[in-house]
Structure formats: structure tokens, C-alpha cells
Amino acid sequence: METALALGSSDRQLGLAFKKLFHHESGVELKVKGALNTVTAQVEVHGALNKFFRVGKLKAFDPNEVYQPDTRLRLGVGVKAAGVGGKTVSADDVLLSLSAKKKLQVHRSQEVVRSRLLLRNYTQAAVAANYDYNIRTEKWAGELHGHVSHAIFRFTDDQDVRITAGVRAPLSQQGVGVAKPYLRLQENCWALTVHPDGQWRVSYDL
């Protein structure tokens, strides 16, 4: 399970975030994530069960490339649920979900160090969309998300750095809402995300 301490500008209360992924070779994935507010002791939990499909031909393995991610289009269909505190999950919290995601390799650099092939830096772009159907209200809503990230491995002897610039925009039955850009700086276990309106969030992976 992945855990992290997180503090944001919205509530300014330290939280313990957690996330666990369960994968199956059939393409089924169960994701459970949430946060425990260390001030109020309130717990928020989200769960998602999805079946993913890859579209396109998988690139042949190249022994001269140290990092070879799957960049095929990924489509998903599933169900989501959420609960806050000890509240019983109701139909208000259950959503049917459709999603799509595409990654694109922009640039890569690798080098041989002590007879080992190591990745030096990697730039990647990604676009994603999800659309959720509320069973009770019979309404659709979702989000568009795009970002470009640049990772520098061994920025110093014991430090990796990643810079990500992205934008998120809400989707509704009326169309696309106002886009909200962000910038994220990650250094080993630390991450800082800032928005133009002054909002921020800092986290530390445990």
C-alpha cells in the first residue's frame, strides 16, 4: 500500500493519504484510495473497479532501450463508489464510469554506467478523459486531463527530479468547463503542486 502525508491550502490540515491497486492479468483493476484527516479523524474512501482494454499493436521489445512503457490507447469501463467517515454508501455515491488514456513518448536519454544501461531523463505527454454516470440523478459528469512531464534521474547522486505541467477541465452535460492549469515539482519523496489562483498542496511519500 502506498501512503503519504499531505497538506493543502484548502483546509490546511495534515492528512494521511493511502492508495492500493490490485491488478489481474485479465485487465481488471481494483483501486482503493482515501485520506485520514489527522485533525478531525474523518476518513474519506474512494473505490473503483475497472476493466481496461488496450487498442493498437504493442511495440516490439528493444533490448537497447531500458524503459519501454505501454503507450497504446487504454479504454476502461467500470464502477466507482465513495464514502466519508462511517457513512453507509448509497446510490448517491455509486457511479458507472467510462475512461480513456493515451501516453506519448516525447524524448528520452540513456547512458551506460559501469556496464549498465541507465535512463538519464524522460519526457512524456499524456491525455485522459473520464465520464461518470450517476445512477440516482441520471446525469453525466467527468473530466479532461492533459499533462507533459520531464523526469531527470540522478539529478544529484541520490536525487531524482520530475517537473509536470498540466491542465484539468470538468465535463458536464452542458459541455467543457473552465480549464484549471497546474504545475507539480517532485523530488524523491517530496511533491509540491501549485495553481495560478494560489492554491497549493505538498505531500511526502512514506
Side-chain angles (χ1 to χ4, degrees), residues 1-56 70 72-103 126-147 164 166-182 184 191 193 195 197 199-201 203 205-206:
M1 178 180 290
E2 300 176 30
T3 56
L5 296 175
L7 180 67
S9 59
S10 58
D11 54 15
R12 298 180 185 268
Q13 295 179 344
L14 184 65
L16 176 62
F18 55 89
K19 180 174 68 174
K20 180 65 176 180
L21 287 174
F22 300 91
H23 297 277
H24 190 268
E25 59 184 12
S26 64
V28 176
E29 177 185 286
L30 172 64
K31 178 190 292 186
V32 180
K33 65 178 182 177
L36 167 66
N37 188 309
T38 61
V39 177
T40 64
Q42 186 179 56
V43 179
E44 182 176 351
V45 181
H46 299 267
L49 179 64
N50 287 284
K51 166 67 175 177
F52 292 111
F53 306 87
R54 295 285 184 174
V55 179
D70 191 342
R72 294 176 296 171
L73 175 65
R74 190 187 75 174
L75 303 177
V77 57
V79 61
K80 297 179 180 179
V84 178
K87 186 183 71 173
T88 301
V89 176
S90 67
D92 295 354
D93 307 302
V94 178
L95 306 172
L96 302 180
S97 178
L98 300 174
S99 65
K101 186 174 185 179
K102 172 67 177 176
K103 296 180 180 179
V127 291
N130 69 274
Y131 220 37
D132 302 326
Y133 176 72
N134 188 302
I135 297 176
R136 182 182 65 85
T137 64
E138 299 183 349
K139 291 184 178 181
W140 290 89
E143 182 185 61
L144 294 175
H145 179 210
H147 74 262
T164 302
V167 61
R168 296 179 181 274
L171 285 174
S172 67
Q173 292 174 303
Q174 288 70 44
V176 182
V178 178
K180 186 177 182 180
Y182 68 89
R184 178 179 298 122
T193 303
H195 300 271
D197 59 5
Q199 293 187 23
W200 54 267
R201 182 179 186 272
S203 63
D205 294 334
L206 300 175

Report, one line per pair, each donor and acceptor closer than 3.5 Å where one atom sits in a side chain of residues 10-21; sequence neighbours left out.
from: D11; atom 1: OD1; to: Q13; atom 2: N; distance (Å): 3.3
from: Q13; atom 1: OE1; to: N37; atom 2: ND2; distance (Å): 2.7

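The NZ atom of K139 lies 7.0 Å from the CD atom of Q173; values are rounded to the nearest 0.5 Å. Between the CZ atom of R136 and the CG atom of L95 there is a distance of 11.0 Å, given to the nearest 0.5 Å. Taking CG of L49 as the reference point, atom NZ of K80 lies at 12.0 Å (rounded to 0.5 Å). Separating the CZ atom in R54 from the NZ atom in K101 is a distance of 9.0 Å, to the nearest 0.5 Å. Annotation: the span from L5 atom CG to L36 atom CG amounts to 10.5 Å, rounded to 0.5 Å. The line from CZ of F53 to CZ of R74 is 12.0 Å long, rounded to the nearest 0.5 Å.
The local environment of NZ in K51 is crowded, with over 12 non-hydrogen atoms from other residues, nucleotides or ligands closer than 6.0 Å.
Counting only heavy atoms from C-beta outward, the side chains of V176 and L171 approach each other to under 4.5 Å. In this structure, L98 and Y133 have side chains that are not in contact, with every pair of non-hydrogen atoms separated by 4.5 Å or more.
Heavy-atom minimum distance, A179 versus V167: CB-CG2, 3.5 Å.
Remark: side-chain polar atoms of Y131 are paired, donor with acceptor, to backbone N or O of S172 under 3.5 angstrom. At least one donor-acceptor pair closer than 3.5 Å links the side chain of S9 to the backbone N or O of W200. Counting only distance, with no hydrogens or angles, the side chain of D197 and the backbone of Q199 share a donor-acceptor pair below 3.5 Å. The backbone N or O of S26 sits less than 3.5 Å from a side-chain atom of H24, completing a donor-acceptor pair.
Scanning for side chain to side chain contact (heavy atoms under 4.5 Å, CB included) contacts around V127 gives K102, with sequence neighbours left out. For T164, the side chain to side chain contact (heavy atoms under 4.5 Å, CB included) partners two or more places apart in sequence, or in a different chain, are H147, S149, R162, Y182, R184, Q186.
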